Amino acid sequence: MPNDTINTIMTRYTCRSFTDRIPSDDDLQIIAKAAIAAPSGMNRQLWRVIVVKNRALIDEMETEGMKVLQTMADKAIYERIMSRGGKLFYNAPCVIVVPIAKTEPAGAELFDCGILSENIALAATSLGIDSCICGLMAFSFAGDKGAEFKSKLGFPEGYEIGIGVLLGYATEQGKPHELDMDKLSFIE
Ligand SMILES: Cc1cc2nc3c(=O)[nH]c(=O)nc-3n(C[C@H](O)[C@H](O)[C@H](O)COP(=O)(O)O)c2cc1C
């Protein structure tokens with residue numbers, strides 16, 4: 001690889017099986033700072049970055065997310081997670097919750113969330129920490145316990161769950177996805 005940055009981008013992959021080992025506080029500080037170094041539209045930074053290591057709370061959020069998925073009319077996502085072992089958070093010992101405020105034009109905040117979560121994933125990879133960007137974490141907030149979780153995590157008024165990122169160490173090292181070169185065009 002031409003340099004460490006490109007190497008980090010090319011070696012990141014989604015981890016779906018974590019050991020119990022928790023990343024160090026020093027590493028989590030670096031990752032959290034990398035998150036908020038992300039660019040945002042008009043530099044609005046309408047986000048929060050909440051690093052959670054509390055196992056009981058993580059388990060509670062996971063259980064609630066699975067409950068919500070199970071009660072949905074379309075069971076496709078629930079069955080997909082069940083086929084992967086039934087764990088929405090794959091035993092991750094640390095989760096980063098990213099609340100975000102709505103913007104105008106509607107939906108623009110999702111770009112900010114996406115970029116921020118990739119900063120987290122890349123910073124983690126560079127430190128030897130595995131990650132999974134977890135859009136499905138939204139379901140933990142979609143049921144009866146949504147308000148309780150928002151309060152426990154300290155969401156500011158008007159903020160909703162944007163994205164989650166799971167962090168930890170893989171039980172078995174995975175591989176990045178194959179690059180589909182057909183998606184690339186170069187026009188001269
Ligand atoms: C916005 C976003 C949300 C995602 N949500 C989930 C999720 O909830 N659960 C999961 O297992 N993977 C999730 N992923 C991971 C993707 O499935 C993964 O990036 C994709 O399969 C490509 O694999 P790779 O990351 O190993 O290259 C998400 C990825 C993105 C970018």
Side-chain angles (χ1 to χ4, degrees), residues 1 5-19 31 34-35 38-41 46-50 52 58-72 74-100 102-103 106-143 146 149 153 159-184:
M1 293 295 168
T5 304
I6 300 296
N7 187 50
T8 300
I9 291 169
M10 294 301 192
T11 52
R12 182 213 56 81
Y13 74 97
T14 292
C15 174
R16 296 198 176 89
S17 177
F18 293 90
T19 69
I31 292 168
S40 60
L46 287 172
W47 52 44
R48 294 289 188 279
V49 172
I50 304 168
V52 186
I58 294 171
D59 288 348
E60 222 187 319
M61 286 168 52
E62 177 173 64
T63 304
E64 178 65 6
M66 288 303 286
K67 201 172 115 191
V68 170
L69 286 172
Q70 191 179 14
T71 52
M72 280 168 60
D74 183 349
K75 302 261 184 298
I77 304 175
Y78 177 74
E79 275 156 19
R80 191 160 173 204
I81 300 295
M82 289 310 285
S83 74
R84 286 176 175 162
K87 306 276 277 176
L88 195 57
F89 300 157
Y90 311 112
N91 194 47
C94 176
V95 307
I96 298 191
V97 182
V98 180
I100 193 118
K102 296 267 176 242
T103 59
E109 72 278 7
L110 299 179
F111 289 103
D112 300 347
C113 263
I115 295 167
L116 179 145
S117 60
E118 179 70 340
N119 265 23
I120 293 174
L122 292 177
T125 302
S126 76
L127 295 166
I129 294 168
D130 296 294
S131 67
C132 172
I133 297 175
C134 187
L136 294 180
M137 189 185 284
F139 288 98
S140 301
F141 294 84
F149 291 143
L153 292 163
Y159 279 59
E160 301 293 339
I161 179 69
I163 194 86
V165 188
L166 317 176
L167 294 177
Y169 295 91
T171 53
E172 207 175 304
Q173 202 65 26
K175 281 198 191 130
H177 67 261
E178 293 271 320
L179 301 187
D180 179 355
M181 300 302 281
D182 290 344
K183 309 263 191 223
L184 299 181

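Just follow the structure's listing: the first ligand is 1, and inside any ligand the first atom is 1. On a predicted model such as this, the values are computed, not experimentally measured, just so you know.
Residue Arg84 holds its CZ atom at 4.0 Å from CZ of Arg16, rounded to the nearest 0.5 Å.
Each of the following atoms of ligand 1 lies closer than 4.0 Å to a heavy atom of Cys134: 5 (N), 6 (C), 7 (C), 8 (O). Close approach of ligand 1 to Tyr13 is summarised as follows: ligand atoms under 4.0 Å from at least one heavy atom of the residue are 26 (O). Listed by number with element, the atoms of ligand 1 under 4.0 angstrom from any heavy atom of Arg84 are 11 (O).
At a 3.5 angstrom cut-off on N or O pairs, Ile163 does not count as close to ligand 1. The shortest N/O to N/O separation between Ile133 and ligand 1 falls below 3.5 Å. Annotation: Tyr90 places an N or O atom under 3.5 Å from an N or O atom of ligand 1; distance criterion only.
Given atom 27 (O) of ligand 1, the protein heavy atom at minimum distance is His177 ND1, 2.4 Å. Among all protein heavy atoms, the one lying closest to atom 24 (P) of ligand 1 is Thr14 OG1, 3.5 Å. The protein atom (non-hydrogen) at minimum distance from atom 8 (O) of ligand 1 is Leu136 N, 2.9 Å. For atom 3 (C) of ligand 1, the closest non-hydrogen atom on the protein side is Gly135 N, 3.6 Å. Closest protein heavy atom to atom 17 (O) of ligand 1: Arg16 NH2, 2.9 Å.
The pair Glu160-Lys102 fails the salt-bridge criterion, with no side-chain N (NZ, NE, NH1 or NH2) lying under 4.0 Å from an Asp/Glu carboxylate O.
Checking side-chain atoms of Thr103 against main-chain N and O of Glu109 turns up a donor-acceptor pair under 3.5 Å. Tyr13 places a side-chain N or O within donor-acceptor distance of the main-chain N or O of Gly174, the cut-off being under 3.5 Å. Under the 3.5 Å distance criterion, the side-chain polar atoms of Asn91 are left unmatched by any main-chain donor or acceptor of Ser17.
Within the structure, the closest approach of Met137 to ligand 1 does not fall below 4.0 Å when heavy atoms are considered. At a 4.0 Å cut-off, not a single heavy atom of Pro176 sits close enough to ligand 1 to count as contact. Look at Cys132 and you'll find a heavy atom under 4.0 Å from some atom of ligand 1.
Counting only heavy atoms from C-beta outward, the side chains of Ile9 and Met1 never approach each other to under 4.5 Å. Side chains of Val165 and Leu116 form no contact here, defined as non-hydrogen atoms less than 4.5 Å apart. Met61 has its side chain within reach of Phe149: a pair of non-hydrogen atoms, C-beta onward, lies under 4.5 Å apart.
Contact between Ala142 and Val68 at its shortest, heavy atoms only, is CB-CG1, 4.2 Å.
Among Ile163, Leu166, Leu88, the single residue meeting the side chain to side chain contact (heavy atoms under 4.5 Å, CB included) criterion with Met137 is Leu166.
With a 4.0 Å heavy-atom cut-off, ligand 1 is reached by the side chain of Arg12 but not by its N, CA, C or O.
Under the 4.0 angstrom criterion, atom 20 (C) of ligand 1 counts as lacking any protein heavy-atom contact.
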